*Asks:* 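Got a structure here, written out as structure tokens. Questions coming.
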Amino acid sequence: MSKQHSLKRPPSSSRERPDVIAARKVLAEMWPGPARESSVTLLKALHVLTREGGLNLDTRRKLKQVLHLVQLLRPSIDTLLAEGSDPVIADLGTGKSYLGFILYDLVVGPAGCGSIVGVDVRAELVERSQALARDGGFERMSFVAGGIADTVLPNGRADMVTALHACDTATDDAIRFALRHEAKVVALIPCCQAEVASLLEHAKPSPIDQLWRHPLHRREFGAHATNVLRGLVLEARGYKVRVTEFTGLEHTLKNELILATRHQQSNPQARRKLDQFVEQLGVRPALLDVMDAAA
């Protein structure tokens with residue numbers, strides 16, 4: 001069992017700190033249950049809360065998104081934890097690690113097993129997250145500086161892969177990462193898909209090319225087609241895929257969650273549907289290399 005993470009909490013006293021009382025009030029409508037003192041200290045370190053326990057307005061929307069995602073992922077994580085295999089969760093394109101730290105604070109830390117590895121190409125953000133994990137006692141959190149496409153975790157293992165708003169083809173790199181590490185669960189929230197729209201601009205005439213004749217429609221259709229392709233690729237590689245709304249449009253326009261759970265090695269029927277869709281679309285995005293490798 002790991003030690004409780006404290007982020008250098010001051011000695012406890014019989015009276016609650018005023019900042020903790022204030023924080024619990026502002027978090028009451030979104031935090032799952034009463035916020036612990038350790039959670040308040042973590043949110044301060046992430047600059048979600050002010051020193052006095054108030055909520056920074058520019059991070060309120062981000063916090064709501066992360067908390068909602070944690071609740072959506074929790075059943076899958078609980079299943080992995082119940083298997084007793086000390087699961088490894090890889091958080092890709094982690095940025096400032098809001099998701100990783102809050103996921104640890106609410107789920108992985110209290111469970112007493114499992115670990116989270118954050119991967120980000122920006123070394124300065126990785127160093128900052130490493131310092132926060134070290135100072136806060138997040139003993140089963142670690143971070144790797146590197147590109148998603150090139151990174152391989154120790155032992156080549158990641159039981160769950162998450163990628164929150166990995167931009168454009170970085171989400172495809174997350175799929176490659178998940179397949180490379182034979183992940184049991186993949187959770188993707190795509191952002192700014194541009195590759196397919198760019199390919200469609202120069203595609204040959206097609207019976208359905210009116211769907212993307214105008215640039216606005218091409219961007220929207222390209223983003224939608226990209227996510228359809230991603231879901232089919234995962235299904236063809238043996239995952240059961242569920243696509244759902246991540247959060248309300250009032251929080252973010254990038255609100256599509258692709259949640260995939262591995263249940264077989266491959267799915268020939270899904271592969272046929274993928275091939276048919278690619279033929280009708282008339283373009284081949286780079287992600288299809290994972291199907292060529294599996295052939």
Side-chain angles (χ1 to χ4, degrees), residues 2-3 5-8 38-39 41-49 51 56 58-59 61-63 65-66 69-70 73 86-109 114-183 185-195 252 254 286-287 289-290:
S2 65
K3 296 183 293 184
H5 46 276
S6 61
L7 290 172
K8 295 183 178 180
S38 61
S39 301
T41 309
L42 168 65
L43 294 175
K44 284 185 180 184
L46 292 173
H47 304 293
V48 173
L49 293 176
R51 181 179 301 178
N56 281 319
D58 58 346
T59 58
R61 184 173 298 174
K62 180 74 171 182
L63 178 60
Q65 291 179 35
V66 170
L69 181 57
V70 167
L73 298 182
D86 200 25
V88 177
I89 300 171
D91 183 26
L92 308 181
T94 187
K96 295 181 180 179
S97 304
Y98 290 101
L99 175 60
F101 279 111
I102 292 175
L103 197 58
Y104 190 103
D105 183 68
L106 290 175
V107 184
V108 176
S115 60
I116 297 178
V117 181
V119 178
D120 200 280
V121 72
R122 293 162 290 184
E124 69 279 7
L125 292 181
V126 168
E127 291 174 3
R128 188 183 307 169
S129 295
Q130 286 173 332
L132 179 55
R134 181 184 62 249
D135 295 343
F138 293 82
E139 297 174 343
R140 288 175 282 115
M141 283 192 76
S142 58
F143 297 87
V144 176
I148 297 171
D150 307 316
T151 299
V152 177
L153 300 188
N155 301 319
R157 178 186 166 206
D159 298 283
M160 172 182 273
V161 168
T162 63
L164 173 57
H165 291 159
C167 195
D168 197 14
T169 55
T171 297
D172 297 333
D173 288 336
I175 293 175
R176 294 186 182 94
F177 181 100
L179 295 173
R180 188 163 66 244
H181 290 80
E182 299 184 347
V185 181
V186 185
L188 308 169
I189 299 176
C191 182
C192 304
Q193 304 95 310
E195 182 200 17
T252 175
K254 311 300 182 181
L287 177 62
D289 61 3
V290 303

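Since the structure is predicted, the reported quantities are computational estimates derived from the model, not experimental observations. FYI, the numbering just counts along the sequence from 1.
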*Asks:* Describe, in one word, how the ring planes of Phe143 and Phe101 are oriented to each other, choosing from parallel (under 30°), tilted (30 to 60°) and perpendicular (over 60°).
*Replies:* tilted
*Asks:* Who pairs with Asp289 by side chain to side chain donor-acceptor pair (under 3.5 Å), at least two apart in sequence or on another chain?
*Replies:* Arg176
*Asks:* Would you mind listing every salt bridge (charged side-chain N to carboxylate O under 4.0 Å, His left out) that reaches into residues 89-103, with sequence neighbours excluded?
*Replies:* none
*Asks:* For Ala178, check side-chain contact (heavy atoms from CB on, under 4.5 Å) against everything at least two apart and list the hits.
*Replies:* Val161, Ala183, Val186
*Asks:* For Ala145 and Ala123, work out which heavy atoms get closest and say how close.
*Replies:* CB-CA, 4.3 Å
*Asks:* Holding to side chain to side chain donor-acceptor pair (under 3.5 Å), I want the full list of residues that pass it with Lys44, two or more places apart in sequence or in another chain.
*Replies:* Asp19
*Asks:* Can you list everything that forms a side-chain contact (heavy atoms from CB on, under 4.5 Å) with Val152? Sequence neighbours excluded, please.
*Replies:* Arg180, His181
*Asks:* When you look at CG of Asn155, are more than 12 heavy atoms from neighbouring residues, nucleotides or ligands closer to it than 6.0 Å?
*Replies:* no
*Asks:* Once you round to the nearest 0.5 Å, how far does OG of Ser142 lie from CG of Leu153?
*Replies:* 8.0 Å
*Asks:* Can you name the side-chain contact (heavy atoms from CB on, under 4.5 Å) partners of Asp86, sequence neighbours left out?
*Replies:* Cys113
*Asks:* Can you measure from CZ (Arg134) to CD (Glu139) and round to the nearest 0.5 angstrom?
*Replies:* 13.0 Å
*Asks:* Once side chain to side chain donor-acceptor pair (under 3.5 Å) is applied, do any residues pair with Arg122, and if so which ones, sequence neighbours excluded?
*Replies:* Asp120
*Asks:* Could you pull out all residues at least two apart from Arg128 that satisfy salt bridge (Lys or Arg N to Asp or Glu O under 4.0 Å)?
*Replies:* none
*Asks:* List in chain and number order the residues that pass side-chain contact (heavy atoms from CB on, under 4.5 Å) with Glu195, two or more places apart in sequence or in another chain; answer none if no residue qualifies.
*Replies:* Asp168, Thr169, Asp172, Leu199, Pro285, Ala286
